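A quick write-up on the structure given underneath.
Every value quoted in this text rests on a predicted model; they were computed, and no experiment measured them.
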Amino acid sequence: PLIEREIVDKKRWICYEDMCDILAISQSFPGAVAINSATIVGYRVAGYGGSALATLGVVLPSFTIMILVGTVFSYFIDLPVVQAALKGIGACVVALLIVAALRVGKSALKGIICVIIALAALALLFWLNIHPIYIIIMGLVIGLAIYGINLLQRRKQ
């Protein structure tokens, strides 16, 4: 939600649909979604240089803050108040992920076939504990197959 607000709403560098596509692609690659998204958006806005600068812009502040906080935090990690704060932060992060998932879902789940694929992927992840990379590959294959079938049907008409 923070990335979306800054890039889509405030700066208007890309549209909402493109942001959803970028998030989907970013989640498919290894690494942090924010870094992957920044790299793609940076490239879309300003080419290779923009990609490099956007990646640095996301990584460098976080890296610096983590070094500082990690150094200081190690002295206070066992305090009950710190443990309570971490539980509250964890719950908020879950809420942010749910909001992001719902927003991407609104854009990505267009049509009954997409909903069925999403529900099947969810079932495979939860109940059969299949690794996410295999789910992504299956989605890719199914999406390409559906595209191919639709293309063949249009050519026949």
Side-chain angles (χ1 to χ4, degrees), residues 1-110 114-115 117-144:
L2 296 172
I3 295 170
E4 177 189 325
R5 189 177 312 125
E6 192 66 32
I7 294 171
V8 176
D9 298 335
K10 289 184 180 178
K11 304 286 185 188
R12 299 193 188 279
W13 286 338
I14 57 173
C15 67
Y16 178 75
E17 288 76 21
D18 287 346
M19 184 65 202
C20 289
D21 291 342
I22 288 170
L23 282 174
I25 292 167
S26 298
Q27 291 173 356
S28 300
F29 287 102
V33 174
I35 296 169
N36 294 342
S37 299
T39 304
I40 295 169
V41 170
Y43 179 77
R44 293 255 262 0
V45 172
Y48 291 114
S51 181
L53 290 174
T55 303
L56 275 175
V58 170
V59 172
L60 203 54
S62 301
F63 179 75
T64 305
I65 291 169
M66 290 305 294
I67 293 295
L68 294 172
V69 168
T71 303
V72 173
F73 198 63
S74 64
Y75 295 108
F76 303 105
I77 189 71
D78 294 327
L79 294 176
V81 69
V82 172
Q83 292 295 317
L86 290 175
K87 286 181 183 177
I89 291 170
C92 288
V93 168
V94 170
L96 288 171
L97 290 172
I98 290 170
V99 167
L102 291 173
R103 287 185 179 171
V104 169
K106 283 181 185 177
S107 175
L109 300 178
K110 295 180 180 172
C114 291
V115 172
I117 292 170
L119 291 174
L122 194 62
L124 291 171
L125 284 166
F126 274 118
W127 289 295
L128 298 181
N129 203 22
I130 294 177
H131 194 280
I133 192 67
Y134 299 126
I135 302 295
I136 292 169
I137 291 169
M138 283 189 259
L140 178 124
V141 170
I142 293 169
L144 289 174

Contacts satisfying salt bridge (charged side-chain N to carboxylate O under 4.0 Å, His left out) that involve residues 126-141 (not counting sequence neighbours) are none

Filter on salt bridge (charged side-chain N to carboxylate O under 4.0 Å, His left out), then keep only pairs touching residues 46-71, sequence neighbours left out; what's left? none

For residues 71-80, dump all side-chain donor-acceptor pairs below 3.5 Å to protein atoms at least two apart in sequence or in another chain.
{"unit_1": "T71", "atom_1": "OG1", "unit_2": "I67", "atom_2": "O", "d": "2.7"}
{"unit_1": "S74", "atom_1": "OG", "unit_2": "T71", "atom_2": "O", "d": "3.0"}

If I compare all heavy atoms of [X] with all of [Y], which pair ends up nearest, and what's the gap?
X    : Y    : result
I135 : A121 : CG2-CB, 3.5 Å
Y16  : V8   : N-CG1, 3.9 Å
L125 : I130 : CD2-O, 3.5 Å

Using side-chain heavy atoms (C-beta onward) and a distance below 4.5 Å, is M138 in contact with L124? yes

Any side-chain heavy atom of I14 within less than 4.5 Å of one from I22? yes

Which distance, rounded to the nearest 0.5 Å, do you find between the [atom1] of [X] and the [atom2] of [Y]?
X    : Y    : atom1 : atom2 : result
S51  : I40  : OG    : CD1   : 8.5 Å
C92  : L97  : SG    : CG    : 11.5 Å
L23  : D18  : CG    : CG    : 11.0 Å
C114 : L119 : SG    : CG    : 11.0 Å
C20  : I25  : SG    : CD1   : 11.5 Å
L102 : L109 : CG    : CG    : 10.0 Å

Please list all pairs passing the side-chain hydrogen bond (donor to acceptor under 3.5 Å, both in side chains) test where one or both residues lie in residues 36-45, with sequence neighbours left out. S26-S37, T39-T55

K106: which residues meet the side-chain contact (heavy atoms from CB on, under 4.5 Å) condition with it, sequence neighbours left out? none

Would you confirm whether S107, through its side chain, and R103, through its main-chain N or O, come within 3.5 Å as a donor-acceptor pair? no

Residues in salt bridge (Lys or Arg N to Asp or Glu O under 4.0 Å) with K10, at least two apart? E6

